[in-house]
Amino acid sequence: MIQALRGTRDILPEEVGYWQLIEATVRETLGRAVYQEIRLPIFEQTALFERGIGEATDVVGKEMYTFSSRGDKSITLRPEGTAGVVRAFIQNKLHAQGGVQRLWYTGPMFRYERPQAGRQRQFHQVGLELLGCDAPRADAEVIALATDILQRLGLKNLELDINSVGNGADRAQYRAALINYLEPYQNDLDEDSKDRLMRNPLRILDSKDPRTQEIAQNAPKITEHLSLESKKHFDTVLNLLSNLNIKYQINHCLVRGLDYYTHTAFEIKSDDLGAQATVCGGGRYDGLVKELGGPETQAVGWAIGMERLVLLLQQLKSNPVIAPELYIVSRGEAAEAQGLILAQKLRNAGFAVELDLSGSAFGKQFKRADRSGAVACLVLGDAEAESKSVNLKWLASGEQQAIAQSDLLGMSQELKVKIAGLKKP
RNA sequence: GCGGGCGUAGCCAAGUGGUUAAGGCAGUGGUUUGUGGUACCACCAUUCGUGGGUUCAAGUCCCAUCGUCCGCCCCA
């Protein structure tokens, strides 16, 4: 048997209701904030990610699906969305429209990793980018939209962690201070952290190794090494969040894994997900547009992991099912033909109609009608076919009434009201 | 990439070397050939993820492989 590749998954009808709920909530919430959807290619030139995300990051270093296409061009399945949005922003000269660009996207991303709960090789994100604004209000708006979406989905037990990684100069200065602090402890650090000491010392703060954590505890904090301007930006963002009644905690160890982040970095986490706890991650990336060849453009954004959101929603509510309102039971050649026509007409009139195609005994068809969750049956046998009528049977009460087929559509308003009243919530 | 757990029908499972692989849900047929929801009856794995091996005998032990889950790592 040929099966789906490791780390990929089928999303079956029993699960897809959650996805649709998330998509509808995102579309509505972001629509109200006047963000525009953007749809982008799933693969790009490898150089886009190498330059955008950073050569030293794990994502670029060991997790990309990279291959050469005919003609030797190196292409990569996108491991995240921001680099592509920025590429499109530059290529289509969206900056020429002036003002800010508010964009969102959704779709599959690809990273070659060991699969785990909440972690696939093909996974899905919905993400948002606000380009062309350096005001702290932009950071706050973007974070508020993320918490809105999660709240409207009914999710509880979420925590917002926030930190500032400053601008390039702040970071260089902090990096030196951190290395200076860590060097005496070099031999006490875990293996990964030793490797990172020169390459990417900020990530050491994130280590889960107990001894390393102990050392990191007393490390200098980046917020103490920010320039006045950076500090002011961070404080303002925090203030604005408080004004919006958004609870946060400053996490001095929060350092995101992609190189392009500047100033604000944040994560929304859940305790109900195991090791892959981050539902939403994002931050400001003031240097990326320029780095990729565009004009100097400040920007801020985030991405939400859809699979992780689905996992949380599944703990909260059952999958919305699509039940028919009307179920058509028919038997006999003429009746079956008429049933098909009625089904089409009723569907066009706005009813959810399931047609029993089995041709089996009436008893069996009624049994299926029951299980389908339908409110009423339309029954057609030889007698009804002969008289061009139909038996309308209400399944809860068992009441039946004979109706001329030609009268059925004229009654549709009345039927809709009655069905709505009888529908199971 | 590293370490560990698991893999019996569509789903949940019992089974711990002795030969017919429990049970439940779902499904199909019947009691009921024009009327359902209940009940009862029957059917539903020559086979235990896959491939090798050990043994007189393997779902049960060993090896490999695939998948899945947990942790590391990474991140959404």
Side-chain angles (χ1 to χ4, degrees), chain A residues 1-9 12 14 53 57-64 78-82 106-128 146 150 190-193 195-196 200 203 206-209 254-258 265-270 273-283 301-312 327 329-332 335 356 358-374 376-385 391-400:
Chain A
M1 188 189 55
I2 296 176
Q3 39 186 334
L5 287 169
R6 158 170 267 214
T8 70
R9 248 166 35 88
L12 300 176
E14 63 185 28
I53 300 170
T57 61
D58 285 9
V59 170
V60 170
K62 50 190 195 195
E63 294 174 3
M64 294 207 299
R78 62 182 185 192
E80 58 99 54
T82 301
T106 183
M109 307 292 164
F110 305 85
R111 289 183 200 171
Y112 191 89
E113 294 184 276
R114 189 80 172 258
Q116 216 173 293
R119 190 170 84 183
Q120 270 86 49
R121 289 181 174 179
Q122 174 175 339
F123 62 103
H124 298 79
Q125 289 185 339
V126 49
L128 155 169
L150 300 171
D190 60 280
E191 289 307 312
D192 285 320
S193 295
D195 289 347
R196 288 206 180 100
N200 199 351
R203 294 213 49 85
D206 245 355
S207 172
K208 279 177 196 157
D209 181 81
L254 173 60
V255 179
R256 317 231 56 252
L258 312 183
F266 69 93
E267 276 181 10
I268 301 174
K269 299 184 191 172
S270 168
L273 280 175
Q276 311 304 324
T278 305
V279 174
C280 173
W302 49 248
I304 287 176
M306 300 273 277
E307 279 81 0
R308 293 180 189 176
L309 219 46
V310 169
L311 287 173
L312 290 175
Y327 191 98
V329 166
S330 59
R331 193 164 160 80
D356 193 308
S358 69
S360 51
F362 278 104
K364 294 292 168 197
Q365 295 195 47
F366 276 105
K367 197 169 263 181
R368 273 185 225 108
D370 253 328
R371 304 221 163 140
S372 76
C377 272
L378 290 173
V379 190
L380 284 136
D382 292 336
E384 290 79 6
N391 240 347
L392 173 63
K393 175 165 180 170
W394 298 96
L395 283 168
S397 64
E399 280 171 53
Q400 289 192 64

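Heavy-atom distances to RNA chain B give each of A:Arg9 and A:Cys280 a nearest nucleotide, and the one nearer the 5′ end belongs to A:Arg9. Two residues, A:Val279 and A:Lys62, neighbour RNA chain B, and the one matched to the more 5' nucleotide by heavy-atom proximity is A:Lys62.
Residue-level contact check: A:Ala369 touches neither bases nor backbone, having no heavy atom under 4.0 Å from any strand. Across all strands shown, A:Gln276 has heavy atoms under 4.0 Å from base atoms, whether or not it also approaches the sugar-phosphate. Among the atoms of the strands shown, base atoms are found under 4.0 Å from some heavy atom of A:Gly118. A:Glu14 comes within 4.0 angstrom of no nucleic acid atom, judged by non-hydrogen atoms across all strands. If you check every strand for non-hydrogen atoms under 4.0 Å, A:Gly61 touches nothing. Counting any heavy atom pair closer than 4.0 Å across all strands shown, A:Glu80 reaches no nucleic acid atom.
In this structure, A:Arg6 does not reach the B:C66 phosphate: none of its side-chain N or O atoms is under 4.0 Å from OP1 or OP2.
Comparing the same atom, C1', in B:U50 and in B:G59 gives a spacing of 14 Å after rounding to whole Å. With P as the reference atom, B:A58 and B:G51 are 15 Å apart, rounded to whole Å. As rounded to the nearest Å, B:G49 and B:G7 have C1' atoms that lie 6 Å from one another. With both ends at atom P, the span from B:U31 to B:U19 equals 39 Å, rounded to whole Å. Going from the P atom of B:U33 to that of B:C69 covers 48 Å, rounded to whole Å. When the P atom is used for both B:C6 and B:A14, the distance is 13 Å, rounded to whole Å. B:U54 and B:C61 are spaced 8 Å apart, taking the C1' atom of each and rounding to whole Å. Taking atom P in both B:G24 and B:C63, one finds a spacing of 37 Å when rounded to whole Å.
Summarising the geometry, the separation between CG on A:Leu150 and C1' on B:A76 is reported as 12 Å, rounded to the nearest angstrom. A:Leu128 places its CG atom 14 Å from the P atom of B:A76, with the value rounded to the nearest Å. Atom-to-atom, CD1 of A:Ile304 to C1' of B:C75 comes out at 15 Å; the value is rounded to the nearest Å. Rounding to whole angstrom units, CD of residue A:Glu63 and C1' of B:C2 are separated by 15 Å. The distance from atom CZ of A:Arg111 to atom C1' of B:G1 is 17 Å, rounded to the nearest whole Å. Distance A:Gln125 CD to B:C75 P: 12 Å, rounded to the nearest Å. Across the protein-nucleic acid pair, A:Met64 atom CE and B:A76 atom P stand 15 Å apart, rounded to whole Å. For the pair A:Arg121 CZ and B:U68 C1', the computed distance is 13 Å after rounding to whole Å.
Within 3.5 Å, no donor on the side chain of A:Arg203 pairs with an acceptor on the base of B:C73, nor the reverse. The base of B:C73 lies close enough to the side chain of A:Arg119 for a donor and an acceptor atom to sit less than 3.5 Å apart.
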A:Val59 and A:Glu80: CA distance, side-chain angles, deciding distance, side-chain contact (heavy atoms from CB on, under 4.5 Å) verdict: CA-CA 9 Å; A:Val59 170; A:Glu80 58 99 54; 5.7 Å; no

Residues A:Ser360, A:Arg368; criterion side-chain contact (heavy atoms from CB on, under 4.5 Å); working and verdict: CA-CA 11 Å; A:Ser360 51; A:Arg368 273 185 225 108; 3.4 Å; yes

CA sep, side-chain torsions, deciding dist, call: A:Met306, A:Val126, side-chain contact (heavy atoms from CB on, under 4.5 Å): CA-CA 7 Å; A:Met306 300 273 277; A:Val126 49; 3.8 Å; yes

Stepwise side-chain contact (heavy atoms from CB on, under 4.5 Å) check, A:Glu63 with A:Thr57: CA-CA 9 Å; A:Glu63 294 174 3; A:Thr57 61; over 6 Å; no

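In a base pair of the Watson-Crick type (N1 to N3 plus N6-O4 or O6-N4) or a G-U wobble (N1-O2 and O6-N3), with each distance short of 3.5 Å, B:G18 is matched with B:C56. Under the Watson-Crick and G-U wobble criteria, each requiring two contacts below 3.5 Å, nucleotide B:G1 is paired to B:C72. In this structure, B:U46 forms no base pair with any nucleotide, since neither Watson-Crick nor G-U wobble geometry is met with both distances under 3.5 Å. The pairing partner recorded for B:C25 is B:G10, the criterion being a Watson-Crick or G-U wobble arrangement whose two distances lie under 3.5 angstrom. Across the strands present, B:G51 finds its partner in B:C63; the criterion is a Watson-Crick or G-U wobble pair with both atom distances under 3.5 angstrom.
Between A:Tyr112 and A:Arg121 the shortest side-chain heavy-atom distance falls below 4.5 Å. Looking at A:Arg111 and A:Lys62, their side chains never come closer than 4.5 Å, going by heavy atoms from C-beta outward. In this structure, the side chains of A:Pro108 and A:Arg78 come closer than 4.5 Å at one or more pairs of heavy atoms. With a 4.5 Å cut-off on side-chain heavy atoms, A:Arg9 and A:Pro115 do not count as touching.
Comparing B:C75, B:C2, B:C72 by their closest approach to the side chain of A:Arg308 singles out B:C75.
For the atom pair CD (A:Gln400) and CG (A:Asn391), the distance works out to 4.5 Å, reported to the nearest 0.5 Å. Distance check, rounded to the nearest 0.5 Å: CD of A:Gln276 to CD of A:Glu307 gives 12.0 Å.
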Per-nucleotide protein contact string for nucleotides 31-39 of chain B, where B marks a base within reach and S marks sugar-phosphate only (heavy atoms under 4.0 Å, - for neither): --SBBBB--

